[in-house]
Amino acid sequence: MSALAAALRKDLLLQWRTRAQVVAIFVFGASALLLFSFAIGPHAAALRQHAAGFLWLALLLSSTLALAESFQSEMEHRALEGLLLLPADARALYYGKAIANALQLTLLGVALVPVMVVLYDAGTARLPALLGIIVLGSAGLSAPGTLYAAMTAQARARQTLLPLLLFPLVVPVLLAAVKATSLLILGDPMGQIRSWAVLLVSFNAIYWSLCGLLFERVVED
Amino acid sequence: MRDYSTRPYALGGLGIALLLWGSTWGLLFAPREAYMGDVQRIMYVHVPTAWNAMLALTFAFACALFFLLRGGWEWDARLEAAIEVGVVLSTLLCMQGAIWAKPTWGVWWDWDPRLTTMAVLLFAFGGILALRQFVDDPVKRAVWSAVAVVIAYVDVPIVYFSVKWWNSLHQMQSSPETVSRAFHWPLRINAFGVLLLVAGLIDLRTRLAALRREGELAAPPVVAERATPAPIGAAGGTP
Amino acid sequence: MTGVGVIHGGWEFVVAAYTVTAVILLGYALSVHWRYRAERARRRREAGREERAR
Amino acid sequence: MHLTPRRGTGRTSAVTGLAVEAEGLGRRYGRRWALRDVSLAIPVGSVVMLAGRNGSGKSTLLRVLATAIRADLGTARVALHDVRTERREVRKRVALLAHHSHHYEALTPRENLAIAASFLGREGDRPRLLALLGRVGLADRADDPVSTLSAGMRKRLALARVLLQDAAVLFLDEPYGELDPPGFHLLDRVIGELRAGGATVIVATHLLERGRALCDRALVLEEGRLVWSGPAAEVPEDAAAGGPTS
């Protein structure tokens with residue numbers, strides 16, 4: 001457990017020290033939200049109808065930047081190899097990085113909500129539920145995303161490869177998160193949000209364990 | 001290196017023969033379906049493609065597991081073949097699905113959970129094919145694509161259920177398989193036809209992958225070439 | 001529930017489905033065959049070159 | 001400051017007396033064999049120079065022995081543990097000073113060492129970290145981001161990180177590269193102290209003069225093969241023709 005604590009402390013320190021990048025990624029996400037509204041046009045009803053979808057699309061696009069960035073510093077001077085040779089347990093390194101990425105994506109998601117409320121007039125009173133969905137969605141993107149970021153950071157054409165591998169995989173996260181968020185915004189008469197939350201939780205359960213198992217094979221030579 | 005490999009061509013040939021037989025039976029002799037009319041005949045080729053596309057991707061999953069757990073280059077070659085054939089079949093399946101949906105529902109894509117899942121798989125495994133292009137080290141390429149196949153395959157049931165729930169509001173699920181007994185024979189013949197053809201394709205594509213691997217990796221050094229003096233221990237031959 | 005009642009005609013869709021199937025399956029089979037022969041020829045040339053080099 | 005006693009196999013407990021033994025090691029990169037059939041045996045406590053031209057496989061050999069990369073052929077045991085099946089055990093007893101300095105650019109030298117210490121399970125060694133940084137001449141830059149450090153200073157940080165691991169077997173890959181003359185003397189002192197502490201040190205270098213003075217044995221690699229081994233004083237001049245100004 002202490003290795004996980006050490007890894008998490010390392011990743012949070014790294015993220016804090018490179019926080020300018022996180023702000024830049026937030027601006028990218030916010031500008032994506034703006035562009036989506038131009039694509040639809042100034043019809044308040046339509047914008048409000050699709051607000052949840054735009055929020056999660058913006059977060060998905062920003063996540064690839066954040067995930068790729070998170071492994072840039074690991075590969076720069078083979079810092080990750082340095083840790084593995086100490087030795088540091090690969091699983092601890094994975095969970096440290098994945099948790100830090102999930103926190104960062106949650107932060108991004110929370111920061112994008114006010115932008116959504118303003119641009120699309122799409123708010124919700126059930127803020128705790130919204131936060132819960134954002135946390136589950138961010139974790140769902142971060143688990144496989146961190147593993148694929150570690151993989152593509154060592155390959156050519158990494159900017160295209162990460163989204164190419166990640167997006168088809170996280171279709172269930174996108175579907176569930178968008179549905180749950182729109183139920184919060186547009187109302188949930190039949191109380192369906194529970195089933196979407198269950199789907200998000202099961203996706204996370206599967207991929208947080210599976211990717212932890214496979215991470216060592218990806219980073220060891 | 002086997003000079004001439006007959007097995008894949010034999011399998012492929014037999015498969016094509018079965019396909020021709022099943023298709024002519026389905027197109028010309030099978031009775032017209034009460035409601036669907038002749039459009040239903042697309043089933044005789046769509047359903048076998050669906051079964052075999054899933055089979056090919058399941059075989060890829062098995063190859064990935066064998067490679068990760070037991071190792072061996074032959075599993076990597078089979079993995080490459082199974083992924084490529086799986087992607088080709090999934091592409092074909094989505095095209096057939098669209099051609100089937102237009103007369104039936106008036107739109108090219110009706111978000112049927114099974115077909116949509118195959119479309120997601122098409123992009124997932126297509127991405128893995130791209131991954132294999134962009135990694136130069138053969139060992140890394142083999143391990144990473146095996147890992148990616150395991151991750152993508154485990155996602156199949158989740159994608160299916162999420163699309164099913166997501167889509168269940170629109171309309172009752174149209175199940176193309178509601179096929180009465182009289183229509184079974186052409187379907188079953190075509191299913192075996194595609195199966196044999198796919199087996200032949202995977203077999204041949206595996207040999208191609210194995211050949212490429214051979215070309216990529218240098219053979220082990222010949223011990224006889226060792227330059228003298230023989231590298232004795234640094235401490236002058238102590239144990 | 002089968003949509004618009006009995007569907008008349010629709011043969012053009014059936015023909016389209018079967019041609020697409022034939023084109024893709026046979027096209028892919030041919031591409032694998034050609035790539036395989038090309039690779040084998042390349043391997044044979046390389047083996048020859050290594051032979052001469054030794 | 002004398003190094004604390006070795007972790008892992010001390011020089012007395014080793015049964016076979018060999019810190020590093022390898023048999024038929026091979027490693028290929030695509031069509032080229034970087035290491036071909038290398039076999040060697042290095043007794044505990046010896047300081048060995050690994051010489052050879054660029055591309056002779058020096059770095060590859062060190063990285064295989066340090067378990068940074070896999071061997072495609074052959075077997076090797078370092079500090080009595082197999083590099084293929086007991087990587088974790090090997091890594092507890094081995095340290096590698098590589099070309100890449102294994103640190104985080106955005107963090108400071110003190111933070112980089114603290115991270116390494118936390119994984120080594122030695123959290124409370126803050127004063128020791130500062131002393132270590134002082135020893136390699138980075139005391140005044142302890143809190144500047146590593147991105148602002150020169151190449152020589154990064155090499156010193158990497159050296160501090162290697163010393164932090166307190167290893168029984170050390171692989172130093174071109175340690176003199178990028179160092180200035182004071183850095184040379186620092187490294188000579190460090191190697192001397194490691195020898196005195198009973199560690200086994202393998203130094204890959206082109207500086208034959210320095211190697212003859214410092215090391216007791218030498219191995220020469222050529223095109224991935226071990227072509228000479230014997231006392232360091234007699235290493236043939238052409239074996240590793242020249243190199244940067246010694």
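Below, chain A is the first sequence line, B the second, and so on; all start at residue 1.
Only the side chain of C/Y18 comes within less than 4.5 Å of a heavy atom in chain B; its backbone stays farther off. Residue B/I16 touches chain C through its side chain alone, counting heavy-atom pairs closer than 4.5 Å.
B/W21 CH2: 12 or fewer foreign heavy atoms inside a 6.0 Å radius.
Inter-residue side-chain proximity for B/L27 and C/W11 is flagged as met; some heavy-atom pair is nearer than 4.5 Å. Between C/L25 and B/L19, the closest side-chain pair of non-hydrogen atoms falls below 4.5 Å. A heavy-atom distance below 4.5 Å is found between the side chains of C/R35 and B/R212. In this structure the side chain of C/Y36 reaches within 4.5 angstrom of the side chain of B/S5, judged on heavy atoms.
Against chain C, the residues from residues 81-88 of chain B that qualify, each with a non-hydrogen atom under 4.5 angstrom away, are B/E84, B/V85, B/V88 in number order.
The heavy-atom pair separating B/L211 from C/R43 by the smallest distance is CD2-CG, 3.7 Å. Among all heavy-atom pairs drawn from C/I24 and B/M95, the shortest one is CD1-SD, 3.3 Å.
Interatomic distance, B/R207 CZ to C/R40 CZ, rounded to the nearest 0.5 Å: 10.0 Å. C/R37 CZ to B/L208 CG: the interatomic distance, rounded to the nearest 0.5 Å, is 13.0 Å.
For residues 7-29 of chain B, the salt bridge (Lys or Arg N to Asp or Glu O under 4.0 Å) pairs, not counting sequence neighbours, are B/R7-B/D203.
With chain C as partner, the option from B/V198, B/L92, B/L89 having the largest number of non-hydrogen pairs under 4.5 angstrom is B/L92.
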